[in-house]
Amino acid sequence: MSNDIDTMPVFDLNRQWGWFVGLGAVFLLFGLIAFGNLFAATVASVYVFGLLIGVAGIAFLAHAFQVRGWQNVLFWALSGGLYTMAGLLAFLNPTLASTVITLLMAVSFMAAGGFRVWFGLQLRPAPGWQLIALSGAVTALIGLIIAFSWPASGLWLLGLILAVDLTVQGVMMVLFGLGLRTALSAFDD
């Protein structure tokens, strides 16, 4: 049985290599701009978060009015209200919102890292258990570093994550596009 990906003409994708390079260059440029001002990148990411969670809150509130007959209408209305308030808070005070989000990230990293260390130790003597435990220790250490530098880390950490992501995505897309170009020129020869 063949699927659609097996029959997709790769040749057509190769002809689009310039779009990948161009999009990658734009991502790379945005990543470098974000590295230039981590605070502004943090505020921008908080605004995006606020917009998304605010829209989700409005959707929850709309859903609460649709399920009037249900016993858990209070749950949907309360969830919608909290989400909407969190979205508004992100727009009204992005610095506070970024600080709260950063603290939650630190706690999440410490908890996830601790769990991964515990899980790795439970896998002993299976091969590779040390790598799982080590990855958990690194994640927990990152959480501790963020927590010990908090609240100051709330002003730049989200921007740094955004800058790194944009830069890595940009480099990847440029390299992918150039790889397609190489494949196309090899095919044409």
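Note that the structure is a prediction, hence the values are computed from the model and not measured.
Not counting sequence neighbours, Phe35 has no partner by the ring-ring contact (aromatic ring centres under 6.0 Å, His included) test. Residues passing the ring-ring contact (aromatic ring centres under 6.0 Å, His included) test with Phe60, sequence neighbours excluded: Trp76, Tyr83. Checked against ring-ring contact (aromatic ring centres under 6.0 Å, His included), Trp118 has the following partners two or more places apart in sequence or in another chain: Phe115. Taking the ring-ring contact (aromatic ring centres under 6.0 Å, His included) definition, one finds that Tyr47 meets it with Phe91, sequence neighbours left out.
Here CD1 of Ile142 is found 7.0 Å from CD1 of Ile146. Values are rounded to the nearest 0.5 Å. The CG atom of Leu155 lies 5.5 Å from the OG1 atom of Thr99; values are rounded to the nearest 0.5 Å. The distance from the CD1 atom of Ile145 to the CE atom of Met110 is 11.5 Å, given to the nearest 0.5 Å. With rounding to the nearest 0.5 angstrom, the CG atom of Leu82 is 9.5 Å from the CG atom of Leu61. Atoms CD1 and CD1, from Ile53 and Ile58 in turn, are 12.0 Å apart once rounded to the nearest 0.5 Å. To the nearest 0.5 Å, atoms CG (Leu158) and CZ (Phe39) are separated by 11.0 Å.
By the 4.5 Å heavy-atom criterion applied to side chains, Phe109 and Leu144 are not counted as neighbours. Using a 4.5 Å cut-off on side-chain heavy atoms (C-beta onward), Asn93 and Thr95 make contact.
By the criterion of side-chain heavy atoms lying less than 4.5 angstrom apart, applied directly or through intervening Ile, Leu, Val, Met, Phe, Trp or Tyr residues, Leu131 is not grouped with Phe119; the two fall into different hydrophobic clusters. Taking hydrophobic clusters as Ile, Leu, Val, Met, Phe, Trp and Tyr residues chained together by side-chain heavy-atom distances below 4.5 Å, Leu29 shares a cluster with Phe27. Val43 and Leu157 fall into different hydrophobic clusters, defined by Ile, Leu, Val, Met, Phe, Trp and Tyr side-chain heavy atoms under 4.5 Å apart, directly or through other members.
At distances below 3.5 Å, not a single donor-acceptor pair connects side-chain atoms of Thr139 with backbone N or O atoms of Gly113. A distance-only check finds a donor-acceptor pair linking the side chain of Ser98 to the backbone of Gly154 [under 3.5 Å].
Legend: ring pair (Phe, Tyr, Trp, His ring centres under 6.0 Å) pairs involving residues 122-171, not counting sequence neighbours: none detected.
Taking every heavy atom of both residues into account, Ala64 and Ala77 meet most closely at CB-N, 3.6 Å. Gly159 approaches Thr42 most closely through the heavy-atom pair N-OG1, 2.7 Å.
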In a table with atom names and distances, give each donor-acceptor pair under 3.5 Å that connects a side chain of residues 160-180 to protein atoms at least two apart or in another chain.
from: Thr167; atom 1: OG1; to: Ala163; atom 2: O; distance (Å): 2.7

